[in-house]
Participant: 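Please find one structure pasted underneath; my questions will follow.
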Amino acid sequence: TGVQTCALPISGMGATDLNKVTAVSEVTEVTGVQATSVLTFTGTAAAGNNTTATVGAATLSYDFVAADFAAATGTVTETAAAFTTAWNASTDANVAAYTATSSAGAVTFTQDVASTGALTSSITNSAASGTTVKSSMAVGVTGAAAVSATQNRSEERRVGKECRSR
């Protein structure tokens, strides 16, 4: 009756769009998409190998141990599972901001809270002796945040046109 609700994704708004929003009477919904990053093990690890992953502000260094594998040298699936377990067991606050899941040699890190933009990520592998575990790191889903707001009546006509055009 005097208000119109329109969802405007913040990540897609430029300065010009943001300047058009002059009055908001109520925020009705906040939604988002968590960013992800994917670590893919392309070679198996062995006890004594180390993988250090950095995702956003979080860094975890893990030394693989014999108990991580059914045989002396594990599979990529066991390697990913061991790293995932170590990540999720970490008490570091930055690491705790992401949840790790693994499947078929890949570890996916997902932000627990959505934010706008891609995650920065890197990986370092090393071995005390023998062959070093091999892996690669890639950015997955880019995060996005959106706010739905109820605007004052004076904005109703212009916002209605913008919503229809989006």
Side-chain angles (χ1 to χ4, degrees), residues 7-19 21 24 26-149 166:
L8 301 172
I10 294 171
S11 62
M13 295 179 77
T16 304
D17 291 327
L18 288 172
N19 289 331
V21 179
V24 173
E26 176 186 8
V27 173
T28 58
E29 182 180 5
V30 177
T31 58
V33 174
Q34 292 95 338
T36 64
S37 188
V38 179
L39 162 61
T40 303
F41 287 98
T42 55
T44 59
N49 284 174
N50 174 278
T51 294
T52 301
T54 300
V55 179
T59 299
L60 179 77
S61 181
Y62 181 66
D63 292 317
F64 293 94
V65 295
D68 291 332
F69 313 107
T73 301
T75 65
V76 292
T77 299
E78 289 174 314
T79 301
F83 194 84
T84 297
T85 299
W87 183 278
N88 291 330
S90 175
T91 58
D92 179 90
N94 289 326
V95 172
Y98 303 89
T99 300
T101 56
S102 67
S103 177
V107 179
T108 301
F109 304 94
T110 304
Q111 285 180 311
D112 291 341
V113 177
S115 66
T116 301
L119 287 177
T120 55
S121 56
S122 64
I123 190 76
T124 303
N125 298 302
S126 62
S129 64
T131 305
T132 301
V133 61
K134 295 179 182 170
S135 64
S136 61
M137 193 81 144
V139 174
V141 175
T142 299
V147 176
S148 295
R166 289 185 189 265

Participant: Val107 and Ala100: which non-hydrogen atoms are nearest, and at how many Å?
Facilitator: CG1-CB, 3.9 Å
Participant: Is there a donor-acceptor contact under 3.5 Å from the side chain of Glu78 to the main chain of Ala70?
Facilitator: yes
Participant: Could you tell me whether a side-chain N or O of Asn88 sits under 3.5 Å from a main-chain N or O of Thr85, the two making a donor and an acceptor?
Facilitator: no
Participant: In Å, rounded to the nearest 0.5 Å, how long is the span from OG1 of Thr36 to CZ of Phe109?
Facilitator: 10.5 Å
Participant: Return yes if some donor-acceptor pair links the side-chain N/O of Trp87 with the main-chain N/O of Tyr98 below 3.5 Å, else return no.
Facilitator: yes
Participant: Applying side chain to side chain contact (heavy atoms under 4.5 Å, CB included) to Thr77 and Phe41, what does each step give before you reach the verdict?
Facilitator: CA-CA 8 Å; Thr77 299; Phe41 287 98; over 6 Å; no
Participant: Run the numbers on Asp112 and Thr99 for side chain to side chain contact (heavy atoms under 4.5 Å, CB included), then give the verdict.
Facilitator: CA-CA 7 Å; Asp112 291 341; Thr99 300; 2.7 Å; yes
Participant: Look up atom CZ in Phe69 and atom OG1 in Thr79, then write down how far apart they are to the nearest 0.5 Å.
Facilitator: 4.5 Å
Participant: For the residue pair Thr52 and Asn50, confirm or rule out a side-chain donor-acceptor distance under 3.5 Å.
Facilitator: yes
Participant: Which heavy atom of Ser121 sits nearest a heavy atom of Ser37, and at what distance?
Facilitator: OG-OG, 2.9 Å
Participant: Minimum heavy-atom separation for Asn94 to Ala58, with atom names?
Facilitator: O-CB, 3.2 Å
Participant: If I compare all heavy atoms of Ala86 with all of Leu60, which pair ends up nearest, and what's the gap?
Facilitator: C-CD2, 3.8 Å
Participant: Is any side-chain heavy atom of Ile123 less than 4.5 Å from a side-chain heavy atom of Thr51?
Facilitator: yes
Participant: Heavy atoms only: give me the nearest Ala46-Phe64 pair and the separation to one decimal.
Facilitator: O-CB, 3.6 Å
Participant: Would you say the side-chain atoms of Tyr62 and Asn49 include a donor-acceptor pair closer than 3.5 Å?
Facilitator: no
Participant: Give the minimum heavy-atom separation between Ala66 and Ala47, together with the two atoms involved.
Facilitator: N-CB, 3.5 Å
